[in-house]
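Residue numbering restarts at 1 for every chain, and letters A, B, ... go by the order of the sequence lines.
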Amino acid sequence: MTTNPSTWAHDPDRLFAAEPRQRELARHLYEGVAELPLVCPHGHVPPRLLADPDATLGTPAELFVIPDHYVTRMLYSQGVSLASLGVPTRDGSSVETDHREIWRRFAAHFYLFRGTPTGLWLKDELVRVFGVTKPLNADTADAIYDELTEKLAEPEYRPRALFKRFHIEVLCTTDAATDTLAEHRSLQREGWTNVRPTFRPDAVVNLDAEGWRENLDRLGEVSGLEVTDYRRFVAALEARRTFFKALGATATDHAAETPHTERLSDREADAIFQRALAGESSAEDAARFTAHMLLEMARMSAEDGLVMQLHVGSLRNHNRAVFARFGPDRGADIPLQTEWTRSLRALLNAHGSDPAFRLVVFTLDESTYSRELAPLAGHYPALRLGPPWWFFDSVKGIERFLDAVVETAGVYNLAGFNDDTRAFASIPARHDVWRRTVCNWLAGETLRGVLDESEAAELAHELTYGLARRTYRLA
Amino acid sequence: MTTNPSTWAHDPDRLFAAEPRQRELARHLYEGVAELPLVCPHGHVPPRLLADPDATLGTPAELFVIPDHYVTRMLYSQGVSLASLGVPTRDGSSVETDHREIWRRFAAHFYLFRGTPTGLWLKDELVRVFGVTKPLNADTADAIYDELTEKLAEPEYRPRALFKRFHIEVLCTTDAATDTLAEHRSLQREGWTNVRPTFRPDAVVNLDAEGWRENLDRLGEVSGLEVTDYRRFVAALEARRTFFKALGATATDHAAETPHTERLSDREADAIFQRALAGESSAEDAARFTAHMLLEMARMSAEDGLVMQLHVGSLRNHNRAVFARFGPDRGADIPLQTEWTRSLRALLNAHGSDPAFRLVVFTLDESTYSRELAPLAGHYPALRLGPPWWFFDSVKGIERFLDAVVETAGVYNLAGFNDDTRAFASIPARHDVWRRTVCNWLAGETLRGVLDESEAAELAHELTYGLARRTYRLA
Amino acid sequence: MTTNPSTWAHDPDRLFAAEPRQRELARHLYEGVAELPLVCPHGHVPPRLLADPDATLGTPAELFVIPDHYVTRMLYSQGVSLASLGVPTRDGSSVETDHREIWRRFAAHFYLFRGTPTGLWLKDELVRVFGVTKPLNADTADAIYDELTEKLAEPEYRPRALFKRFHIEVLCTTDAATDTLAEHRSLQREGWTNVRPTFRPDAVVNLDAEGWRENLDRLGEVSGLEVTDYRRFVAALEARRTFFKALGATATDHAAETPHTERLSDREADAIFQRALAGESSAEDAARFTAHMLLEMARMSAEDGLVMQLHVGSLRNHNRAVFARFGPDRGADIPLQTEWTRSLRALLNAHGSDPAFRLVVFTLDESTYSRELAPLAGHYPALRLGPPWWFFDSVKGIERFLDAVVETAGVYNLAGFNDDTRAFASIPARHDVWRRTVCNWLAGETLRGVLDESEAAELAHELTYGLARRTYRLA
């Protein structure tokens with residue numbers, strides 16, 4: 001099942017079209033942006049990795065396999081159990097603890113990633129970050145494990161060293177509304193102001209979130225406001241936003257099953273909130289409350305200037321047995337059809353033309369790119385389209401996105417790129433796929449006479465650097 | 001933000017693939033159709049422009065900016081107010097009246113159209129129709145304004161002169177059912193029989209149309225039938241169709257939010273109609289009445305032979321503040337998911353196999369191309385697929401359309417091209433994008449061995465000329 | 001309307017990209033798989049064709065036109081009546097019986113298939129299977145009819161001879177649950193074990209199937225179990241599965257309008273079943289019973305190891321007049337929007353992680369490829385994605401499928417190819433389109449640096465041979 005060329009090298013022209021003129025122009029455009037700093041306005045890197053100067057990336061299994069649901073779900077889909085990959089359980093049942101064994105299972109199945117972005121990222125990380133020169137498979141697993149283990153122990157492979165080597169200009173983490181941001185405060189005291197928090201209130205806003213009641217109590221504690229009604233709930237959220245903003249946050253992030261927005265009266269909102277406090281709220285209550293709170297969050301963003309991000313359309317924990325044993329975020333979240341035109345109407349009518357407001361949306365339903373999202377972004381001043389998300393952060397996913405949205409929304413209504421990853425060491429690989437694919441796409445547009453070369457070069461800079469900085473108010 | 005190559009010229013091979021063999025064949029196919037007359041079976045050019053021999057195209061701002069919602073929405077999306085672009089209001093509030101200033105704003109933001117069909121059309125119009133040789137931007141705005149102003153005053157830039165220069169074989173306008181067609185009558189008296197009206201009854205058929213009651217009274221006046229019940233309403237519409245047909249109309253046009261069709265009994269239809277007359281009809285009444293009237297219109301088309309066009313799937317006036325101040329058609333219409341298979345079933349079962357009937361459909365939901373529309377058109381004799389509409393009248397939009405429908409419906413179930421524009425001077429540019437893109441697509445099919453060269457040449461002629469003429473019964 | 005190059009030959013590089021390097025690599029990959037045996041795990045070839053050693057393929061009209069709804073629907077869409085093509089009626093009304101005349105009509109309209117997969121298959125069949133050297137059109141119709149008639153009378157054009165010439169390794173038919181499989185038994189007695197049945201119970205499972213009650217009685221007869229209640233119904237189905245399996249079946253096949261799955265209690269299931277027996281079941285009863293029976297069939301598959309196939313999303317018999325006169329399967333089945341994520345949740349939670357269970361799904365809604373199906377297949381071990389189905393078994397359909405699913409699901413969660421045809425003589429043409437298109441796609445991935453050449457060669461073998469054998473447990 002595996003391939004054994006003698007060395008594992010990168011094609012320097014990878015991801016560029018075969019046609020020689022397009023390839024040449026793509027390479028030229030790429031050379032102009034390849035060394036730009038990385039702007040990372042949205043992602044899930046644990047701040048601890050950077051706050052603790054002695055933090056390491058762990059074993060090869062901890063770095064590449066155990067926490068990465070892109071990796072574990074693919075192996076699971078071909079019959080490899082999550083337990084055999086060391087994925088921690090919440091029911092106390094035992095899992096594989098031998099990290100070398102986990103790595104061997106991963107290596108033996110690495111061929112499953114052929115043709116996938118995960119495969120591209122993993123190879124790029126192994127080759128460019130860690131200097132691996134043999135293709136990963138069952139035969140090379142042990143030698144590569146040893147090589148990685150050795151390197152991961154070296155100071156230059158600690159997260160802070162890599163942060164500099166990666167040339168990261170700014171990295172935004174994603175943090176619960178109830179987080180004390182102790183690590184961010186520590187970072188800032190040390191002068192690491194290029195790591196910023198992002199305000200994510202889902203766990204207190206979505207009434208059906210696991211542990212909502214405990215989360216709410218925690219919100220009361222950290223805000224110093226006892227949250228006994230809807231009015232105080234809003235006040236507590238506002239207080240937390242102020243706190244996050246003071247620590248450098250420029251954005252918030254919100255997840256929901258649908259983008260439905262709907263204004264409730266304060267009385268209705270409080271009635272639902274009281275039912276939730278009493279443990280008596282229904283699924284419909286939760287849906288309407290989320291729809292209302294998205295509007296409230298937009299209102300707050302229009303007031304405090306935090307950029308609002310909305311990630312919509314995933315049915316979480318589709319596989320109930322996996323959820324019961326291993327918990328959330330194990331690769332069993334499946335997209336749903338999504339409706340944006342009617343759903344966002346309330347929010348966009350309320351704030352979509354307000355220059356103080358900025359909304360960045362992310363979808364898992366590609367059929368909405370050209371039908372709904374590009375027309376909306378091509379009209380409302382507040383709206384920007386986030387880059388292809390999750391499954392679609394891939395070569396063809398990026399191309400379909402640009403093909404579908406640019407003709408209607410133009411380039412300047414896009415939000416540039418974000419890597420959206422918890423896998424810190426994969427950040428350069430992800431940006432590099434975006435940069436190469438964007439440059440190749442612009443080269444194609446240029447050779448067809450849609451753009452001229454100087455326009456293409458400007459747009460390459462915007463798409464890989466400028467738009468992300470300006471969209472997220474980081475510039 | 002702008003580019004300044006010394007001259008602004010067209011790539012003669014624009015929109016053709018970079019690959020040399022495909023480019024060469026595309027060019028060859030294009031040369032065979034580039035000079036064919038323009039057949040324009042559907043559009044929104046005001047007949048006044050041609051009926052009045054002294055009509056002009058106005059100032060550069062009036063020609064390129066103020067009435068063009070493709071242009072103004074993009075500037076609006078980047079924070080330029082519609083008022084500052086001179087878009088007229090209906091609340092009496094003041095807007096920019098200095099047309100040179102409007103033009104400067106447009107020029108300074110022209111870079112926003114990079115990668116968009118609007119950008120291609122505008123450049124083509126400026127370069128090929130008006131002979132502009134400098135790229136449009138803030139620096140060149142004034143000089144180009146002066147140059148255009150001078151040319152627009154010349155006789156050869158009057159609409160009638162351009163009509164001939166553009167080599168338009170036939171141009172169909174779109175006219176309210178209540179229109180007296182005074183301008184068309186005047187044109188025909190002068191022998192301008194290549195300008196034809198199209199019967200569009202939405203304003204009297206959709207009960208929730210703005211000013212429905214006044215429109216209905218007007219229908220009574222022009223038809224000479226007092227419209228007091230459903231039976232007379234149908235009779236009045238039939239009378240108007242006869243009148244339009246006598247003045248050269250070969251088609252009707254209908255817009256609806258969905259393509260739902262449903263037969264009501266005459267009694268039900270009249271009951272709804274009476275509620276509407278009494279100002280008491282509901283949203284559901286209006287939806288059901290439209291669904292019923294689409295069937296009635298199909299019945300009439302089967303009888304009088306007027307080709308029925310159906311444009312479906314836009315949620316109009318999404319931005320209520322823009323609608324309140326500036327009215328409809330300001331670039332705030334956003335597509336909706338559309339369902340065709342069940343929706344058209346009643347209509348296609350009633351008339352879809354009748355050789356006298358012809359239906360041309362247009363969608364804003366590209367996911368329906370391959371899933372619903374191509375299979376329907378590949379079965380029902382009456383059905384033809386209109387070209388990519390609105391946001392999708394673009395290079396990639398055309399390619400996605402052909403890619404999605406031809407394999408299932410073939411080429412001969414397509415309706416060819418129509419420009420669907422109110423921007424008269426942009427007509428050649430729009431046809432040229434279609435012709436180039438179609439020829440390049442056919443070249444691609446030929447090089448892959450799906451077509452041979454003589455077939456490709458025949459299909460190029462059909463797609464750019466023959467199909468439009470035959471579909472709309474203009475041949 | 002027709003083209004007349006002097007000879008009708010195949011481009012040996014057909015369906016490969018124009019770009020020379022990609023073309024060369026595609027050809028190289030294709031050469032590695034072109035001669036592999038054909039694995040045909042799903043299709044509709046009548047077993048009689050092979051069971052009877054003297055069976056012939058009939059007249060050219062019987063072979064190419066009358067029974068092929070891909071062909072007759074396209075002619076119907078352009079005004080050629082089904083009766084004039086000899087399509088048999090069920091109302092006793094007369095149809096064309098002169099097969100030469102039918103052939104002439106087909107030949108005169110052969111240009112309608114330009115750009116379609118049907119056109120590619122027909123040409124390939126005529127050129128490669130029958131050695132035709134003139135393009136088919138009105139002028140050549142008679143000569144080609146004579147040539148085909150002569151060949152069809154020769155022993156080497158009998159189905160059994162072609163089976164060997166085509167190098168078919170295994171061919172699975174599709175057979176009603178009530179079928180006695182007499183022909184399969186006869187074939188096996190002769191040692192033709194490479195023709196296998198597939199268990200298709202729709203006609204007894206879908207309560208609203210035409211003739212359900214008679215089908216049920218027949219089920220009782222062949223199973224020897226009087227089917228008077230739900231429990232016996234299940235037992236009868238299990239008995240039939242055992243019988244099919246004993247005769248070589250490795251799979252079942254199920255069609256439904258939606259993939260909705262829902263567990264009913266045995267009591268509810270029996271209540272619905274009793275209503276159906278009494279002729280009193282509702283449309284909702286039928287829908288819920290189908291949803292429940294899909295779960296039951298999955299349960300049985302997990303027990304007996306038969307691979308479960310699910311073909312979903314066609315609204316059958318859209319044109320009621322065609323159905324009334326000509327019956328089902330006449331090219332008037334139109335796809336519907338399909339929802340998989342919520343619909344399959346019950347089934348996949350029950351059996352999706354069971355190594356004994358295997359589910360292969362087919363969709364007519366391409367928007368679900370990347371949004372729902374690839375994420376589901378990239379998680380659940382039991383799930384494999386069937387190849388593009390029906391309208392999408394085409395060059396661009398295959399490319400869109402691979403583009404949409406591989407990045408998320410990888411290649412190893414695909415089911416390879418099946419030809420799904422009742423047109424026996426078109427089998428090699430269909431596999432050849434798949435093989436060429438797949439090899440060209442893999443060449444493209446390789447030139448972009450996503451795969452290396454040895455990986456591409458391995459994947460070409462898997463996609464054209466290995467995956468189909470292993471998915472259907474034929475290896």
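Residue contact with chain B, scored on non-hydrogen atoms closer than 4.5 Å, is absent for A456(A). If you measure heavy-atom distances from L120(B) to chain A, the contacts under 4.5 Å come from the side chain alone. Of the two parts of R384(A), only the side chain, counted from C-beta on, holds a non-hydrogen atom closer than 4.5 Å to a non-hydrogen atom of chain B. Contact of R23(B) with chain A is made through the side chain alone, with heavy-atom distances under 4.5 Å. Both the backbone and the side chain of R345(A) come within less than 4.5 Å of a heavy atom in chain B. The parts of D403(A) that come within reach of chain B are both its backbone and its side chain, each placing non-hydrogen atoms under 4.5 angstrom from that chain. For chain A, the nearby part of F16(B) is the backbone; its heavy atoms alone come within less than 4.5 Å.
Comparing T408(A), L459(A), V450(A) by how many heavy-atom pairs each has under 4.5 Å with chain B, the most go to T408(A). Heavy-atom pairs under 4.5 Å with chain B peak, among G449(A), G352(A), P375(A), at P375(A). For the set L447(A), L383(A), N349(A), the entry with the most heavy-atom pairs within less than 4.5 Å of chain B is N349(A). Contact tally against chain B (heavy-atom pairs below 4.5 Å) for A409(A), P355(A), P381(A), A377(A): the top residue is P381(A). Here S353(A) is the residue among S353(A), A374(A), P20(A) with the most heavy-atom pairs under 4.5 Å with chain B. Each of G378(A), A382(A), A17(A) has some count of heavy-atom pairs under 4.5 Å with chain B, and the biggest count is that of G378(A). Note: A332(B) leads G79(B), S81(B), A332(B) in heavy-atom pairs under 4.5 Å with chain A. Ranked by heavy-atom pairs shorter than 4.5 Å toward chain A, the options D11(B), L315(B), D333(B) are led by L315(B). Per-residue counts of heavy-atom pairs under 4.5 Å with chain A were compared for L112(B), L336(B), L364(B), V80(B); the largest is that of L336(B).
Of residues 386-402 of chain A, not one residue has a non-hydrogen atom less than 4.5 Å from any non-hydrogen atom of chain B. Within residues 366-373 of chain B, the residues that have a heavy atom under 4.5 Å from a heavy atom of chain A are E366(B), S367(B), listed by number. Of residues 437-446 of chain B, those residues with a non-hydrogen atom less than 4.5 Å from any non-hydrogen atom of chain A are, in numerical order, N440(B). Along residues 316-326 of chain B, the residues that come nearer than 4.5 angstrom to chain A, judged on non-hydrogen atoms, are R316(B), N317(B), H318(B), N319(B), R320(B), A321(B), V322(B) in order of number.
Within 6.0 Å of CD on E24(A) lie no more than 12 heavy atoms contributed by other residues, nucleotides or ligands.
Between the side chains of Y412(A) and S77(B), no donor-acceptor pair of N or O atoms lies under 3.5 Å.
Inter-residue side-chain proximity for Q78(B) and N413(A) is flagged as met; some heavy-atom pair is nearer than 4.5 Å. In this structure the side chain of T341(A) never reaches within 4.5 angstrom of the side chain of Q337(B), judged on heavy atoms.
Side chain of R114(B) to main chain of L451(A): no donor-acceptor pair is present (N/O by atom type, distance under 3.5 Å, no hydrogens or angles). With H379(A) contributing its side chain and R73(B) its backbone, the two residues share no donor-acceptor pair below 3.5 Å.
T116(B) OG1 to E407(A) CD: the interatomic distance, rounded to the nearest 0.5 Å, is 8.0 Å.
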